[in-house]
There are 4 protein chains.
Amino acid sequence: MFFHVDPTDGLAIYDQVVRQVKFSVARGAIRPGNLVPSVRELARELAINPNTVARAYQQLQTDGVLQTVRGMGLEVAPGAVKHCRQQRQQLIQARLRQTLAEAKRSGLDDEELRGLIDKELSDVVRDER
Amino acid sequence: MFFHVDPTDGLAIYDQVVRQVKFSVARGAIRPGNLVPSVRELARELAINPNTVARAYQQLQTDGVLQTVRGMGLEVAPGAVKHCRQQRQQLIQARLRQTLAEAKRSGLDDEELRGLIDKELSDVVRDER
Amino acid sequence: MFFHVDPTDGLAIYDQVVRQVKFSVARGAIRPGNLVPSVRELARELAINPNTVARAYQQLQTDGVLQTVRGMGLEVAPGAVKHCRQQRQQLIQARLRQTLAEAKRSGLDDEELRGLIDKELSDVVRDER
Amino acid sequence: MFFHVDPTDGLAIYDQVVRQVKFSVARGAIRPGNLVPSVRELARELAINPNTVARAYQQLQTDGVLQTVRGMGLEVAPGAVKHCRQQRQQLIQARLRQTLAEAKRSGLDDEELRGLIDKELSDVVRDER
DNA sequence: GTGGTCTAGACCACC
DNA sequence: GTGGTCTAGACCACG
């Protein structure tokens with residue numbers, strides 16, 4: 001599927017799952033009406049506990065991104081795309097702000113920081129392939 | 001002083017303190033032989049629990065950045081500058097990598113992401129003044 | 001304390017706890033700034049699992065009724081009273097409606113139903129003493 | 001038919017079906033010897049899964065309310081009326097007790113509670129028409 | 001098979 | 001001590 005989990009990320013695992021589901025909806029990888037992977041399936045795939053996935057999915061229901069289809073699983077809610085697009089922007093921006101703020105405060109000069117950003121950006125693009 | 005703490009950052013508070021002390025040494029804001037603020041003073045300043053500061057200072061001693069001066073407190077260790085410079089690069093880079101990797105995976109197109117980065121970079125510079 | 005749990009109630013236990021905390025705030029038994037019983041303490045008192053209490057408390061944080069005081073526990077949030085008063089009315093009313101609707105549909109004649117209601121109401125008042 | 005299902009009720013759907021069949025027998029809407037709707041028919045009517053109806057019917061057989069008629073389906077058992085009348089009283093009373101007990105504990109004053117009960121009772125009667 | 005709930009017990013960060 | 005998170009495994013309701 002489209003999900004990754006990084007235990008060294010600092011963010012709670014369930015929160016990483018929440019973000020990634022939102023991002024997947026935001027970019028159209030999962031559409032309203034589509035079923036998301038079952039709790040057990042995604043847990044197996046990510047090698048984490050089903051309860052952790054369940055917790056993420058429950059949060060996503062509270063946020064109105066997912067809704068239950070009885071006995072079938074969980075599907076992306078009708079109005080979720082717009083909400084997820086907004087959230088994507090906000091979540092990414094907030095994290096970016098914190099990261100860059102710390103980087104700047106660390107005393108790296110602007111050139112070094114720019115260099116690091118460009119390096120990591122191109123690495124990220126390369127890894128993507 | 002030069003320290004900030006952001007409870008919304010995701011990073012543990014004690015870890016933020018550890019990083020900031022290292023960064024302060026890296027950029028020369030505190031020099032080998034300088035005393036760092038006392039546990040109580042820094043705790044008061046950051047409005048956090050003294051135990052949290054104490055834990056950060058303990059970690060910094062373990063890392064060889066600080067050392068005790070009998071009856072005086074904690075000072076920056078002689079060889080700390082080089083170590084902190086290396087760590088600065090590594091710590092910032094690692095965090096940047098995670099942040100950008102998530103941003104990229106979120107499906108934002110490159111232009112938007114670049115735009116966000118530039119925006120936040122300039123905000124960060126502006127806030128600094 | 002002020003909390004009860006009835007495993008035969010049909011409602012999930014964590015949901016019963018959520019409702020009772022809201023009701024306690026609504027009637028002023030716990031006030032903004034007051035700490036609620038700790039997860040472990042309430043779990044012990046109600047003879048349920050701490051995770052179940054934690055889940056209820058987490059829901060209450062999501063609902064803005066509780067907020068964490070780091071290392072101290074959870075306190076009632078400043079604006080919670082008004083919210084809880086509204087919720088109390090809604091939650092009680094919804095449940096009352098369902099109960100009475102079923103009772104009416106069951107075919108009991110109005111007299112019998114009235115009689116049952118009065119009987120149970122007075123029992124409830126008596127148990128209270 | 002005479003059956004309703006409310007997914008927001010809190011009670012399990014199969015239990016709602018069980019109760020309603022009992023209530024229908026209690027008030028004489030279905031009489032001993034009458035066939036109840038087939039599993040498939042009732043499932044279609046209530047827009048629920050046939051397995052859910054089947055489970056309810058199985059429970060009703062265990063309770064002695066329904067019995068199989070070879071090749072025909074399920075009929076109301078001879079002695080069911082008396083049993084269902086008793087159960088109706090008990091089931092309604094138990095639920096009423098829980099609902100009113102919670103309402104009372106919530107701290108609503110007696111007047112408000114009485115007001116809510118009267119309001120919902122008259123609503124229920126009105127909806128019936 | 002699905003999600004929802006509960007229990008039990010672990011480790012962590014923070015006070 | 002506190003809450004937050006995670007794991008492991010159970011049972012239930014529903015399809």
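Computed from a predicted model, the values in this text were never measured in an experiment. Sequence lines set the chain letters: A, B, ... in the order given, protein chains first and strands last, and positions in each chain run from 1.
Look at CD on C/Gln59: it is 13 Å from P on E/dG4, rounded to the nearest Å. A straight line from CZ of C/Arg55 to P of F/dG3 spans 18 Å, rounded to a whole angstrom. In this structure, C/Gln16 places its CD atom 12 Å from P of E/dT5, rounding to the nearest Å. Between the CG atom of D/Leu11 and the C1' atom of F/dA13 there is a distance of 12 Å, rounded to whole Å. Look at CE on C/Met72: it is 10 Å from C1' on F/dG1, rounded to the nearest Å. For the pair A/Asp9 CG and E/dC12 P, the computed distance is 18 Å after rounding to whole Å. Between A/Leu74 atom CG and E/dT2 atom P the separation is 11 Å, expressed in whole Å. Spacing between atom CZ of B/Arg19 and atom P of E/dA13 amounts to 14 Å, rounded to whole angstrom units.
Counted by atom type alone, D/Gln98 and C/Asp6 present one or more donor-acceptor pairs between their side chains at under 3.5 Å.
Within the 3.5 Å criterion, the main-chain N or O of B/Asn51 finds a donor-acceptor partner in the side chain of B/Asn49. Formation of a donor-acceptor pair under 3.5 Å by the A/Arg27 side chain with backbone atoms of B/Arg105 is found in this model.
Listed candidates were E/dT7, E/dG3, F/dG9. Nearest to the side chain of C/Asn51 is E/dT7. For B/Asn49, the listed nucleotide lying nearest its side chain is E/dC15; candidates were E/dA8, F/dC14, E/dC15. Distances from the side chain of C/Thr52 to the nucleotides E/dT2, E/dC6, F/dT5 place E/dC6 closest. Minimum atom distance to the side chain of D/Ala12 is reached by F/dC14, of the listed F/dC14, F/dT5, E/dT7. Taking the side chain of A/Thr68 as heavy atoms from C-beta on, and the options E/dC15, E/dC6, E/dG3, the nearest nucleotide is E/dG3.
Nucleic acid contact class of B/Ile13 (heavy atoms, under 4.0 Å, all strands): sugar-phosphate only. Within 4.0 Å of A/Tyr14, counting heavy atoms only, lie sugar-phosphate atoms of the nucleic acid but no base atom. Heavy atoms of A/Glu75 sit nowhere under 4.0 angstrom from any nucleic acid atom. Contacts of C/Gln61 with the nucleic acid, taken as non-hydrogen atoms under 4.0 Å apart, involve only primed sugar atoms and P, OP1 or OP2.
Put simply, A/Arg70 has no side-chain N or O that comes within less than 4.0 Å of OP1 or OP2 on F/dC14. Taking side-chain N and O atoms only, A/Gln67 has no distance below 4.0 Å to OP1 or OP2 of E/dG3.
Side-chain N/O atoms of A/Arg40 and base N/O atoms of E/dG1 include no donor-acceptor pair closer than 3.5 Å.
No salt bridge links D/Asp9 with D/Arg19; every basic N to acidic carboxylate O contact stays at or beyond 4.0 Å.
Annotation for A/Met72 and A/Leu35: closest pair O-CD1, 4.1 Å, computed over non-hydrogen atoms.
Base pairing of E/dC12: its partner is F/dG3, meeting the Watson-Crick or G-U wobble criterion (both donor-acceptor distances under 3.5 Å).
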